[in-house]
Amino acid sequence: MNDNGKKGVRVGVYVCHCGTNIAGTVDVKSLTEYAATLPGVVVSRDYKYMCSDPGQELIQEDIREYQLNRVVVASCSPLLHEQTFRGAVAKGGINPFFCQMVNIREHDSWVHEDHKAATEKARDLTRAAVRRVAFHKPLEKRRVPIRPEVLVVGGGIAGIHAALTLANAGKHVYLVEREPTIGGHMAKFDKTFPTLDCAACILTPKMTAVKRHPNITLWTYSEVTQVAGYVGNFKVTVKRKPRYIYEDLCVGCLECIEACVYKQAKYPDEFNLGLGKRKPVYIPFPQAVPLVPVIDPETCIEFKSGKCKKTCVEVCGERNAIDFHQPESTQTLEVGTIILGTGFQVFDARRIPYYGYGVYPGVYTALEVERLVNAAGPTGGEIVLRDGRKPKAIGIIHCVGSRDENTNRWCSRVCCMYSLKLAHLIKEKTNAEVYNFYIDIRAPGKAFEEFYNRVAEEGTNFIRGKVADIFPDPDGSGRLILQAENTLLSMVQKIPVDMVVLSVGLEAQADAQEVRRLFNITCSTEGFFLERHPKLAPVNTFTDGIFLAGCCQGPKDIPDTVAQAGAAAAEALALIDTQFMELEPNTAYVLEEACSGCKTCVPLCPYNAISFLVEKKKAEINEVLCKGCGVCVAACPSGSVRQNLFEDEEIFEEIKGVLAYA
Amino acid sequence: MPEATQKVSDAVQDKFQPKIVAFFCNWCTYIAADLAGTSRMKYAPNVRVIRVMCSGRVDPQFVLDAFAKGADGVFIGGCHPGDCHYQEGNYKTLRRVRLLKRLLKEMGIEEERFRLEWISASEADRVRTAVNDMVEKVGALGPLRLGTPEEVFAEEVTVS
């Protein structure tokens, strides 16, 4: 009786309390007693924390003492601790794949309140695992070699830092950025909170270091269009958009910009968010890397009419860097690991119509004000309104598009601090009256609270309340009136200001979903890329070999972004230096004697891992190419395609187990 | 075990509690169910999840077997179209499910007892609502009564 239909199977069942996480809902004692009665079970125990060292040692001792050859651990999700317990089982001296986990925490105790029902569910799931594990086979992990080259996508501070870290460690990095220059959002900032060091002063040396580094291939104005392969061996296709100026021929003298037939810059400049003007041939900002101008075919006369005097070509002379017919090119790369640092976009303030962004010229977003404050910005660092007036009173509205049921629910983490910084910079430059309208001031970082106090002491007014309306002052002065309920005074205040700064929140890039599909990763509900584990694997994704850095994973400030970029680089380095990665052995294989050669499986495989041996009239699966989805297994009419770890009989046993089928 | 019998009788007295077998793919729906756990969402305790790497691994036999072995409902959860971790496994699932639905109908198994849902890794709330909805609908139908082979035979003989 006690051999579960499989002779010689000796199962140990281990029920974890997880403190009260499981034991608070599931009756772990009765579950343990019940498990002991199941066929094949030799020993059944419960323990406070199975994943702890004593918990794992308990398993190892039992394996030796009771000659266990199967282990079932009823605890948390296998996605969290399967590796842990497989390791413990292996240390005990048996094949690690003789272990099966039962998820009685995430799928049971945490989602049910009824103790009886939760305990019953735990029993069913444990019974299924005990039945299943009897059919487990000894397996070995597959090893795939890891190419040492790394692709970093996104040239903001996250991508720059990750690329430099890897390159300094001697690895070759391809840094791909979609804009004409690297630098990202950080390049647009004036000062950084709370230390007020100048963003450009700390960023631009890193940008030039990227350009100079022999181990970094920098491709700006380029986009990844296709990703194939798997960890260790990704094949990536990159589209390189034409700048109409050859990077390798251009020396960065910028004479073409000077010589352009447009004597005055005429078109809204993207880098300055339309607050400044540029010519059809331009560089985004003076310290752009690479320092190679771009020609915008939308505004260039030569592109529009073909009748331009082409003074730019003339002045470029024998350098011959300008080519109006430069084609778009496609390059393919082979890399072992990928780091995504694709960043964020700021909330579109037009989505809150009563703030009048885009309607009242006096309403700005914080990013626009960053450019106004910046000495290299469109006004040379002078804070002037669109009509040229100098503001005497300025209102800064926090949480625009953050912590709001109607727009985005999350806190964007950086807005309080950058609002304080802008309040300080504006006050310093204009001595205007500054009003900060806030819900809560969130200043939880190193030296953040001190900075808040400093700004408050400088005389910035803090009004605790959400601005409900903005309207022009009826006196015709051109001022705007901010109406808010001051929740500390319990009264409605109307404050006239000349300039309104909307502290817009951070959200996922507009194309985050497409990028996610491209790299085969997942997004969280908010649209940011999802990390493998919020605490224990914060830079990993569910796809091996692809790591996250910076705001593409969620809003964060520069120090956190840099820390995360370093962590992502370290994860990539760890893989590269191990030279191989162990993969789950859940591949499919063909039982040749049972295969009828019907070829049903062959076209199903998305990875072309199945080939048909014409002479033998049998299907064959290439284990290296197989990713272990099991689609072919389910389709095989003769049951001759099988899958390690997910064998038919293992799943049939689970079905019987959960249904208590005798 | 007297306690266990007590439990069963309670359940029977209260309300019919359907048993639902679920096959969740490792990359989307299983993670969503984990997330429902870490978010401490509460849902009906009637579902027993079996993890597969891809919903495309769900052999129609698994579904039929689950019904045959006493499941009142079967639930398959996979990644949204276009989001499959294995590129297109979920499309294979969809094709099989459509065929299987017709087969189940022929067998007299009500449509509500077999469900396919696309639930991405972030949609924990969808796990909750889909499970609750299915438990309610299958609960209203009552237990699945598949005749024993003898009964089926007898019925076939008498009908003609």
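Note on naming: letters A, B, ... go to the chains in the order of the sequence lines (proteins, then strands), and numbering restarts at 1 for each one.
- Using a 4.5 Å cut-off between heavy atoms, Q61(B) touches chain A through backbone and side chain atoms alike.
- Residue contact with chain B, scored on non-hydrogen atoms closer than 4.5 Å, involves the backbone and the side chain of N520(A) alike.
- Residues passing the salt bridge (Lys or Arg N to Asp or Glu O under 4.0 Å) test with E507(A) are R351(A), sequence neighbours excluded.
- The salt bridge (charged side-chain N to carboxylate O under 4.0 Å, His left out) test with R51(B) is passed by exactly one of E654(A), E650(A), E82(A): E82(A).
- Within a 6.0 Å radius of NZ in K42(B), more than 12 heavy atoms belonging to other residues, nucleotides or ligands are found.
- Within the structure, the salt bridge (Lys or Arg N to Asp or Glu O under 4.0 Å) test picks out no pair touching residues 24-41 of chain B (sequence neighbours left out).
- Checked by atom type, the side-chain pair Y30(B)/N103(A) shows a donor-acceptor distance below 3.5 Å.
- With rounding to the nearest 0.5 Å, the separation of CG in D124(A) from CG in N46(B) is 10.5 Å.
- At a 4.5 Å heavy-atom cutoff, the contact between R95(B) and chain A is made by side-chain atoms alone.
- Taking all atoms of both residues into account, the shortest heavy-atom contact from Y607(A) to Y86(B) is OH-CA, 3.0 Å.
- Counting only heavy atoms from C-beta outward, the side chains of N26(B) and L79(A) approach each other to under 4.5 Å.
- Heavy atoms of K69(B) lying under 4.5 Å from chain A belong to its backbone as well as its side chain.
- Electrostatic pairing of R516(A) and D83(B) counts as a salt bridge here, judged by a charged N lying under 4.0 Å from a carboxylate O.
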Using the rule given for side-chain contact (heavy atoms from CB on, under 4.5 Å), can you reason through V52(B) versus I651(A), listing the C-alpha separation, both sets of side-chain angles and the distance that settles it, and then say yes or no? CA-CA 9 Å; V52(B) 284; I651(A) 295 172; 4.1 Å; yes

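- Interface remark: of the candidates L35(B), T93(B), V47(B), V47(B) forms the most heavy-atom pairs closer than 4.5 Å to chain A.
- Interface residue L530(A): only side-chain heavy atoms are found under 4.5 Å from chain B.
- Around NZ of K141(A), the count of heavy atoms belonging to other residues, nucleotides or ligands within 6.0 Å exceeds 12.
- Summarising the local packing, CD of E112(B) is surrounded by more than 12 heavy atoms from other residues, nucleotides or ligands at distances under 6.0 Å.
- Proximity to chain B is limited to the side chain of T522(A), based on heavy atoms less than 4.5 angstrom apart.
- Across all their heavy atoms, W110(A) and T38(B) have their closest contact at CZ3-CG2, 3.5 Å.
- Here the closest heavy-atom approach between residue C629(A) and residue C54(B) is recorded as O-CB, 3.5 Å.
- Per-residue heavy-atom pair counts under 4.5 Å with chain A were compared for A124(B), A71(B), P60(B), and the maximum is reached by A71(B).
- Separation of atoms NE2 (H533(A)) and CD1 (I31(B)) is listed at 11.5 Å; rounding is to 0.5 Å.
- For L604(A), the parts sitting under 4.5 Å from any heavy atom of chain B are the backbone and the side chain alike.
- Contacts of K656(A) with chain B are made by side-chain atoms alone, with heavy-atom separations under 4.5 Å and no backbone atom involved.
- Residue P606(A) comes nearest to Q87(B) through the heavy atom pair CB-OE1, 3.7 Å, listed as atom of the first residue, atom of the second, then distance.
- Of the atoms belonging to D108(A), not a single heavy atom falls under 4.5 Å from chain B.
- Nearest heavy atom pair, residue I655(A) against residue F62(B), reads CD1-O, 3.6 Å.
- For the atom pair CZ of R57(B) and CD of Q643(A), the computed distance is 5.5 Å after rounding to the nearest 0.5 Å.
- The minimum heavy-atom distance between A44(B) and H112(A), with the atom names listed, is O-CE1, 3.4 Å.
- Within the 4.5 angstrom heavy-atom criterion, only side-chain atoms of V21(B), from C-beta onward, approach chain A.
- If you tally non-hydrogen atom pairs under 4.5 Å between each of D648(A), V111(A), V631(A) and chain B, the highest count goes to V111(A).
- Here SG of C84(B) is found 11.5 Å from CZ of R517(A). Values are rounded to the nearest 0.5 Å.
- Both the backbone and the side chain of A635(A) come within contact range of chain B, with heavy atoms under 4.5 Å apart.
- Comparing C76(A), A118(A), P78(A), A128(A) by how many heavy-atom pairs each has under 4.5 Å with chain B, the most go to P78(A).
- The local environment of CD in E136(B) is sparse, with at most 12 non-hydrogen atoms from other residues, nucleotides or ligands closer than 6.0 Å.
- For the set M53(B), E88(B), E123(B), R128(B), the count of heavy-atom pairs under 4.5 angstrom toward chain A peaks at M53(B).
- The line from NE2 of H107(A) to CZ of R48(B) is 13.0 Å long, rounded to the nearest 0.5 Å.
- The candidate with the highest count of non-hydrogen atom pairs below 4.5 Å against chain B, out of T543(A), V633(A), L80(A), L645(A), is V633(A).
- Contacts between C632(A) and chain B at a heavy-atom distance below 4.5 Å are absent for every atom of the residue.
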